[in-house]
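Report on the structure given below.
The model shown is predicted, which means the values in this text are computed figures rather than measured ones.
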Amino acid sequence: MKRKILYLFILFGLTLSSCKKDDCSVEENNKGLISRISKSGVTTVEYAYLCSGLLNEVRTRYSYSKYTYNSIDLLEKRESYEDPNQYSSSGGYSPYGYGYGSVEWTDPKDMKLSVTELFKYYENKQLESYSFSSYYDTITAKFNYNEQGLISKQTVYSEDSKPTSHRDFIYDESGNLTKEEQYLVIDGTSTLYETREYEFDQMHNPFLVFRIILFPGTPTNQNNIIKETHTFYGKIPAGKDSVTITNHVYEYNELGYPIKMDNDLTIEYN
């Protein structure tokens, strides 16, 4: 879980910029938004915003992501770059980043485009489909919704338009993702591969500002995850447990936002 949380959306690009001073007051408009994450005192990820407060760029030591919006401020494209000389977990959805112990930051100009993601919407602004193109292949996903208007199912298709997997999502009344079930689709038959169940605190989730990403989880939860139960099904590799439980503890500021997680991740705000 710790590894997944540290990896859940690392992203890339060319410069870490924000709005021009002549256009708006960046400091005033983005006050209170998360600015950076540090692990054991070393910065691992930095965030930049548009004047509107929308996420503009995310940079880690070896990666960079650039966000592009349409005319009504819906996320239209995300381009992710990575340092080809370093191992990186681009394409994940972790807002925490990961530094691999290095204090050096790769210049974005030396990075290569690794992933392009495109987002398409229904007229009611709900996400209709998503495509992910990398060095290796292109996949697409389509979505179903529950009565809350939240994504209840994500089905992934291969390049030949055949379903390869799907995830089912269950929420509490606040919209927190409480259970995620992943199924593999083989010869048209769905087989449960893994589940993740979550418990939450009652405090503010600072990553809700990234809800434009739309995928259920950290960017869409109202509150912060304090416990995850991860269960694997089928054949378990030697030395692995079928069930893993991970707990998280936080320190909060006076507004109820976390400023420290598990005693080694520090969250800073503008």
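- Of the possible polar contacts, one joining the Thr44 side chain to the Ile37 backbone as a donor-acceptor pair under 3.5 Å is found.
- In terms of heavy-atom proximity, Leu127 sits nearest to Phe215 at CD2-CE2, 4.5 Å.
- Between Phe200 and Tyr198, the two ring planes are tilted [angle within 30° to 60°].
- No side-chain heavy atom of Lys260 sits under 4.5 Å from any side-chain heavy atom of Tyr252.
- Annotation: side chain of Pro258 is in contact with side chain of Pro206 (closest heavy-atom distance under 4.5 Å).
- The heavy-atom pair separating Thr155 from Pro163 by the smallest distance is CG2-CB, 4.0 Å.
- Using a 4.5 Å heavy-atom cutoff, the side chains of Glu117 and Tyr130 are in contact.
- Residues passing the side-chain contact (heavy atoms from CB on, under 4.5 Å) test with Asp110 are Thr106, Asp107, sequence neighbours excluded.
- Judged by distance alone, the side chain of Asn146 and the main-chain N or O of Ile151 form no donor-acceptor pair under 3.5 Å.
- Here the side chains of Val115 and Glu79 are not in contact, with every heavy-atom distance at 4.5 Å or above.
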From CA spacing to verdict: side-chain hydrogen bond (donor to acceptor under 3.5 Å, both in side chains), Ser38, Thr266: CA-CA 5 Å; Ser38 299; Thr266 301; 5.8 Å; no

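- Side chain of Arg61 to backbone of Thr43: a donor-acceptor contact under 3.5 angstrom is found.
- Ion pair Glu180/Arg167 flagged as a salt bridge, since at least one NZ, NE, NH1 or NH2 atom sits closer than 4.0 Å to an Asp/Glu carboxylate oxygen.
- Contact annotation: the side chain of Thr220 never approaches that of Leu177 to less than 4.5 Å [non-hydrogen atoms, C-beta and beyond].
- Remark: side-chain polar atoms of Ser152 are paired, donor with acceptor, to backbone N or O of Asn144 under 3.5 angstrom.
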List the steps, then state whether side-chain hydrogen bond (donor to acceptor under 3.5 Å, both in side chains) holds for Lys66 with Asn56. CA-CA 6 Å; Lys66 173 71 175 178; Asn56 185 28; 3.0 Å; yes

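- For the pair Gln148 (side chain) and Asp172 (backbone), a donor-acceptor distance under 3.5 Å is present.
- Separation of atoms CD1 (Ile226) and CE (Met261) is listed at 11.5 Å; rounding is to 0.5 Å.
- Tyr49 places a side-chain heavy atom less than 4.5 Å from the side chain of Leu55.
- Between the side chain of Asp262 and the main chain of Val249, a donor-acceptor pair closer than 3.5 Å is present.
- Between the side chain of Asn176 and the main chain of Asn223, a donor-acceptor pair closer than 3.5 Å is present.
- Surrounding CG of Asp160 are more than 12 heavy atoms belonging to other residues, nucleotides or ligands, all under 6.0 Å away.
- Taking 4.5 Å as the limit, every side-chain heavy atom of Glu57 sits out of range of all side-chain heavy atoms of Tyr67.
- Here the closest non-hydrogen pair linking Ile213 and Phe119 is O-CE2, 4.2 Å.
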Take Lys227 and Ile245, measure what side-chain contact (heavy atoms from CB on, under 4.5 Å) needs, and give me the verdict at the end. CA-CA 7 Å; Lys227 181 179 180 180; Ile245 297 176; 3.6 Å; yes

Applying side-chain hydrogen bond (donor to acceptor under 3.5 Å, both in side chains), run through Glu194 and Tyr233 and close with a yes or a no. CA-CA 6 Å; Glu194 65 178 349; Tyr233 296 85; over 6 Å; no

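- Partners of Glu199 according to the side chain to side chain donor-acceptor pair (under 3.5 Å) rule, which considers only residues two or more places apart in sequence or in another chain, do not exist here.
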Stepwise, does the side-chain hydrogen bond (donor to acceptor under 3.5 Å, both in side chains) test hold for His166 with Ser190? CA-CA 8 Å; His166 64 86; Ser190 296; 3.1 Å; yes

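- Within the model, atoms NZ of Lys153 and CD of Glu181 stand 11.0 Å from one another, a figure rounded to the nearest 0.5 Å.
- Every residue meeting the side-chain contact (heavy atoms from CB on, under 4.5 Å) condition with Ser35, not counting sequence neighbours, appears here in chain and number order: Glu268, Asn270.
- At least one side-chain heavy atom of Glu128 sits less than 4.5 Å from a side-chain heavy atom of Tyr122.
- The ring-ring contact (aromatic ring centres under 6.0 Å, His included) search around Tyr257 returns His204, not counting sequence neighbours.
- Formation of a donor-acceptor pair under 3.5 Å by the Asn124 side chain with backbone atoms of Gln126 is found in this model.
- A search for side chain to side chain donor-acceptor pair (under 3.5 Å) contacts involving Asn224 returns Asp201, not counting sequence neighbours.
- In this structure, Glu173 places its CD atom where only 12 or fewer heavy-atom neighbours from other residues, nucleotides or ligands lie under 6.0 Å away.
- Side chain of Thr231 to main chain of Val243: no donor-acceptor pair is present (N/O by atom type, distance under 3.5 Å, no hydrogens or angles).
- Of all non-hydrogen atoms in Met111 and Pro84, the two that sit nearest each other are CA-CD, 4.4 Å.
- Not counting sequence neighbours, the partners of Ile139 by the side-chain contact (heavy atoms from CB on, under 4.5 Å) test are Phe132, Asp137, Val156.
- At a threshold of 4.5 Å between side-chain heavy atoms, the hydrophobic network of Ile, Leu, Val, Met, Phe, Trp and Tyr places Leu118 and Leu75 in two separate groups.
- Note that the CZ atom of Phe143 and the CD atom of Gln154 stand 4.5 Å from one another [nearest 0.5 Å].
- Placement of Leu208 and Phe169 in two distinct hydrophobic clusters is found when ILVMFWY residues are connected by side-chain heavy-atom separations under 4.5 Å, directly or transitively.
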